[in-house]
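First the structure, in the form of structure tokens, and then the observations on it.
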Amino acid sequence: MEVVTMTGKSGKTREGRAHGTGGTDGTGTGYDVVVVGGGAAGLSAALVLGRARLRTLVVDAGEPRNAPSSHMQGYLSRDGMSPAAFLAAGREEIAGYGVELLTGRVTEVTRNGAGTGDAGFAVLLDDGRAVRARRLIVATGLKDELPAVPGVAERFGRNVLHCPFCHGWEVRDQPFGVLASSAMSVHQALMVSRWSKDVTFFLHTVAEEELSDQDLRRLAAAGVGVVPGEVAELVVEDDRLTGVRLTDGSVHARSVLYVGPRPVPRTGLLERLGAELSETPFGAYPVVDPTGLTSVPGVWAAGNAVGFAEQVVHAASGGYRAAAAIVGDLLMADLDAAVAA
């Protein structure tokens with residue numbers, strides 16, 4: 001058993017006991033759990049695992065989905081906190097329990113042996129190192145692919161937004177625009193009308209005939225104006241969004257634009273491990289049980305790796321559930337091995 005003593009910024013000293021496979025051999029350093037991804041889901045899982053005295057490694061590529069945002073909302077006691085500060089606090093907390101954090105990428109994972117027992121996994125890192133893990137948590141999240149309209153990417157997370165629950169309060173009562181990416185964007189236009197009564201729905205590349213009669217009736221009832229025609233660019237003055245210009249040259253004054261990014265799940269590792277995926281309108285995600293266990297024995301998933309709509313608070317909860325399940329899973333595996341010995 002390895003004992004790791006660490007001191008955080010608070011000055012408190014915590015002792016983390018790692019009961020894992022430990023040591024190094026020809027197959028690399030051994031861990032009880034390797035967590036792939038160091039966002040809210042991964043750090044939450046690591047905190048639970050560290051407190052359960054399991055030797056844990058977090059491998060983080062440093063590409064959080066909410067990096068463009070200056071603040072996050074709707075997380076009780078953390079409302080308004082910056083994503084960067086949230087992650088920094090999480091890293092300090094897990095370090096206090098002996099969890100190791102490595103900046104890098106996991107490039108490949110293979111199962112040790114052909115069975116589904118406790119042989120574990122070989123985890124290859126992008127610096128060429130290999131480590132061993134008895135269990136895995138994949139919390140690699142997703143990437144938002146933004147509409148290819150000039151100005152959208154540059155202002156994303158400022159006054160180009162995608163989630164009213166995340167930012168609606170901060171821009172309430174301003175003139176909103178909603179950029180359609182499909183007929184499904186009607187739902188977004190209707191939702192944001194909760195935060196402003198001045199909403200314009202730009203159909204962009206969506207034909208008006210694609211909207212149902214029910215869509216049009218609801219938009220009218222919500223007071224949402226519908227503007228056909230393709231959007232050419234955003235109008236920005238003095239580092240402020242002031243309007244939306246169409247290809248016909250007309251400009252519609254708006255100070256906030258909601259868009260619907262195409263979510264691209266980072267599920268490559270899960271796919272190569274043979275995890276079952278489920279196709280959704282927002283990408284393919286792993287099939288998981290209520291704890292996040294995938295169809296691959298010993299592999300859990302959490303956060304945006306299991307769904308596009310997971311907010312920070314949901315991701316943290318999912319990481320917690322996965323970690324708690326793994327603690328019990330490893331305990332029973334060890335007890336069964338002791339009984340059989």
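Starting from 1, each residue takes its place in the sequence as its number.
- Remark: Leu57 CG to Leu101 CG distance equals 8.0 Å, nearest 0.5 Å.
- Two residues are said to be in side-chain contact when any heavy atoms from C-beta on lie closer than 4.5 Å; Arg245 and Val231 fail this criterion.
- Taking the side chain as every heavy atom from C-beta outward, Leu161 and Cys166 never approach each other to under 4.5 Å.
- No donor-acceptor contact under 3.5 angstrom links the side chains of Arg240 and Ser255, judged on distance only.
- Between Tyr31 and Glu100, the side chains place a donor N or O and an acceptor N or O closer than 3.5 Å (distance only, hydrogens not considered).
- For the pair Thr205/Glu230, a side-chain contact is recorded, criterion being any heavy-atom separation below 4.5 Å from C-beta on.
- Proximity of Val236 to Thr242: side-chain heavy atoms (C-beta onward) are nowhere separated by under 4.5 Å.
- With sequence neighbours left out, Ser212 forms a side-chain contact (heavy atoms from CB on, under 4.5 Å) with Gln214, Asp215.
- A salt bridge links Glu63 with Arg105: the closest approach of a Lys/Arg side-chain nitrogen to an acidic carboxylate oxygen falls below 4.0 angstrom.
- Taking the six-membered ring where the residue is Trp, His71 and His167 present perpendicular rings, their angle passing 60° and hence far from 30°.
- Ionic pairing of Asp239 and Arg155 is present here: one or more N-O contacts between side-chain nitrogen and carboxylate oxygen are shorter than 4.0 angstrom.
- Residue Tyr75 qualifies as enclosed at atom OH: its count of foreign heavy atoms under 6.0 Å is above 12.
- Checked against side-chain contact (heavy atoms from CB on, under 4.5 Å), Ala84 has the following partners two or more places apart in sequence or in another chain: Ser82.
- Side chains of Trp300 and Thr291: a donor on one and an acceptor on the other come within 3.5 Å.
- Atom OG of Ser317 is separated from atom CD of Glu310 by 8.5 Å, given to the nearest 0.5 angstrom.
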